[in-house]
Amino acid sequence: MKIVQMDTFKIAVPLIKPFKTALRTVNTAEAIYVKIICDTGVIGWGEAPPTLVITGDSLQSIETTIQTVIKPVLIGRSLSNYEDIFREMNASIVGHSSAKAAIDMAVYDCLSQHANMPLYQFLGGYRDKLDTDYTVSVNSPQEMAEDAVSYIQQGFNVLKIKVGKDDSSTDIDRISAIREQIGKDVVIRLDANQGWEPKEAIRVIRKMEDLDLQIELVEQPVKAWDIQGMKQVTGAVETLIMADEAVFTPKQAFEVLKTRSADLINIKLMKAGGIHQAQAINSMAEVCGVECMMGSMIETKLGISAAAHFAASKKNITRYDFDAPLMLSKDIINGGIIYQGRNIRLSDIPGLGIKSIDLTGGAGDGN
């Protein structure tokens, strides 16, 4: 089975409500879709959203990297040698993890279709159902509390709260207001998106512990490069600390694991460069007794389907952040994972289970 064609498409889907973090505000989910066609007629799909403040990738850089760098390397290559395909793709250009992730998921889509297996089974098949959390954007304490109540009423029982913007005392007010409104039974996770300094993070987290706000974990409290600072926070608080932007590559995961700088690791395909590298990160973490969460960017159901299939295939991935498609004003994907409130069911259709894609709404011409 050889790759004979590779096309890219631009898509844009408005969000129902702006998504706000300490790093950015997103009003529209944009992405480059990749379509790989094999000589057998098998078609694989992948997605790469631009996330300049995290991965450094723009729509233009993703499309250019795929069309001018990766495509010439992979056209004509046999997928039976997919280990070498990933090696050559990663060697062809430094960084550009989102572009690589889109190709990677399209290749795995083709491989698992060829094997006549849904991707989660092809990768290990540990489970076929997941529960996602729902993210509360950073806003005023009152608005965040109202949003939290709304999501609980929709059936979600785990909330991921964005903090790290403005002053830390406001973050305490935000979480206090949310906890007061939703009660003690709902799980709360915080994501500071690198918004605090180490001593500030320790002070804020300890204060929340003293207030008995019952925070399950805090994601990336300090700058991505500050491994020592994250280790300092991890050792000084009882709350679990999770590395996110600090871990893109297996090498970075090794450093975090070796130094015990975090209690958990958040894997995202857009950071790792796809499933192939994500497997290495998860395997290292599992050997070290560190559980992983599977996260995502603001992606459509295409990219989230790939992430969910990978997450479902691995025992060590125990937490899931796959709410992005629920934030979109429309679903342009026919097929893929199936949402039932917070519950996600993986299709038994081979590959990612993509039946068709509406490329008319904001999509560009294929190349």
Side-chain angles (χ1 to χ4, degrees), residues 1-13 28-39 42-79 81-113 119 248-249 268-278 296-307 309-310 332-333 336 351-352 354 357-360 362-367:
M1 186 170 64
K2 293 182 179 180
I3 299 173
V4 295
Q5 188 174 333
M6 188 180 297
D7 300 322
T8 53
F9 307 86
K10 294 178 183 177
I11 66 97
V13 182
T28 301
E30 297 180 297
I32 297 295
Y33 278 7
V34 176
K35 180 182 182 182
I36 287 179
I37 303 176
C38 299
D39 59 354
V42 170
I43 295 174
W45 288 95
E47 175 181 0
T51 318
L52 282 167
V53 295
I54 298 174
T55 66
D57 297 315
S58 67
L59 277 176
Q60 293 75 16
S61 70
I62 292 167
E63 188 166 37
T64 299
T65 297
I66 291 170
Q67 288 291 342
T68 66
V69 180
I70 299 176
K71 180 178 178 178
V73 171
L74 298 191
I75 290 293
R77 296 297 304 273
S78 172
L79 291 183
N81 305 113
Y82 64 89
E83 181 80 15
D84 199 45
I85 282 177
F86 294 135
R87 182 191 63 78
E88 290 202 19
M89 179 178 71
N90 287 319
S92 68
I93 188 169
V94 174
H96 296 272
S97 59
S98 298
K100 292 174 180 177
I103 299 295
D104 171 287
M105 65 178 72
V107 167
Y108 273 109
D109 190 13
C110 291
L111 288 169
S112 48
Q113 287 182 64
L119 181 54
F248 275 59
T249 67
K268 294 175 181 173
L269 297 185
M270 294 306 126
K271 294 186 303 168
I275 292 168
H276 189 250
Q277 294 282 81
S296 60
M297 306 301 185
I298 298 299
E299 301 168 45
T300 69
K301 199 167 66 175
L302 173 55
I304 300 299
S305 289
H309 274 269
F310 172 63
I332 63 174
I333 304 296
L352 291 174
I354 304 299
I357 299 178
D358 176 12
L359 295 172
T360 60
D365 296 331
N367 292 306

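Everything numeric in this text was worked out from a predicted model, so none of it was measured.
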Review point. Among all residues two or more places apart in sequence or in another chain, which pass the ring pair (Phe, Tyr, Trp, His ring centres under 6.0 Å) test with Tyr33?
Key: none
Review point. How far apart are the closest heavy atoms of Ser98 and Pro49, and which atoms are they?
Key: OG-O, 3.9 Å
Check your understanding: Okay, side chain of Glu63, backbone of Ile32: is any donor-acceptor separation there less than 3.5 Å?
Key -> no
Check your understanding: Does the side chain of Val13 come within less than 4.5 Å of Thr28's, by heavy atoms?
Key -> no
**Study point:** Pairwise side-chain contact, Ser97 with Thr55, heavy-atom cut-off 4.5 Å (strictly under)
**Key:** yes
Point to revise | N/O donor-acceptor pair under 3.5 Å between Lys71 side chain and Thr65 backbone | key: no
Review point. Donor-acceptor pair, Glu299 side chain versus Met297 backbone, under 3.5 Å?
Key: yes
Practice item. Would you please name every residue forming a salt bridge (charged side-chain N to carboxylate O under 4.0 Å, His left out) with Asp84, sequence neighbours left out? Key: Arg77, Arg87
Review point. Would you say Asp39's side chain and Lys2's backbone share a donor-acceptor pair under 3.5 angstrom?
Key: yes
Revision key, fill the gap. Here the pair of heavy atoms bringing Ile275 nearest to Ala306 is CD1-O, 4.3 Å
Practice item. Return the minimal non-hydrogen interatomic distance between Ser92 and Ile70, and the atom names on each side. Key: OG-CG1, 4.2 Å
Practice item. Hey, could you give me the CD1/NE2 distance between Ile103 and His276, rounded to the nearest 0.5 Å? Key: 15.0 Å
Check your understanding: Between the side chains of Thr64 and Ser61, does any donor sit under 3.5 Å from an acceptor?
Key -> no
Study note, to complete from the structure: Minimal heavy-atom distance between Ala101 and Leu269, with the atoms involved, is CB-O, 3.3 Å
Exercise for review: Take Lys10 and Glu30 through the test salt bridge (charged side-chain N to carboxylate O under 4.0 Å, His left out) and record every step on the way to the result.
Suggested key: CA-CA 7 Å; Lys10 294 178 183 177; Glu30 297 180 297; over 6 Å; no
Practice item. Mind checking the CD1-CE spacing from Ile37 to Met6? Nearest 0.5 Å is all I need. Key: 10.5 Å
Point to revise | Rounded distance [0.5 Å steps], CD1 in Ile66 versus CE in Met89 | key: 9.5 Å
Review point. Do we see a donor-acceptor contact under 3.5 Å between the side chains of Asn81 and Glu83?
Key: no
Exercise for review: Taking ring pair (Phe, Tyr, Trp, His ring centres under 6.0 Å) as the test, write out the residues that go with Tyr82, two or more places apart.
Suggested key: none
Practice item. Taking all non-hydrogen atoms of both residues into account, name the closest pair between Ala48 and Ala102 and its distance. Key: CB-CB, 3.8 Å
Point to revise | side-chain contact (heavy atoms from CB on, under 4.5 Å) evaluation trace for Thr51 with Met270 | key: CA-CA 9 Å; Thr51 318; Met270 294 306 126; 5.7 Å; no
Review point. Mind checking whether Leu302 and Leu352 have side chains closer than 4.5 Å, heavy atoms only?
Key: yes
Exercise for review: With the side chain counted from C-beta on, respond yes when Val107 and Phe86 share a heavy-atom pair under 4.5 Å apart, and no when they do not.
Suggested key: yes
Check your understanding: Do Leu79 and Cys38 have side chains that get closer than 4.5 Å, going by heavy atoms?
Key -> yes
Practice item. Evaluate the side-chain proximity of Gln67 to Thr8: yes if any heavy-atom separation is below 4.5 Å, no if none is. Key: yes
Review point. Does a side-chain heavy-atom distance below 4.5 Å link Phe310 with Leu119?
Key: no
Point to revise | Thr249 and Gln277: side chain donor to acceptor below 3.5 Å | key: no
Check your understanding: Can you name the nearest heavy-atom pair linking Ala106 to Ile36, along with the distance?
Key -> CB-CD1, 3.7 Å
Check your understanding: Would you say the side-chain atoms of Asp109 pair up with the backbone N or O of Trp45, donor to acceptor, closer than 3.5 Å?
Key -> yes
Point to revise | Side-chain heavy-atom pair Ile62, Gln60 within 4.5 angstrom cut-off | key: no
Review point. So, does Lys100 use its side chain to make a donor-acceptor pair with the main chain of Ile93 at under 3.5 Å?
Key: yes
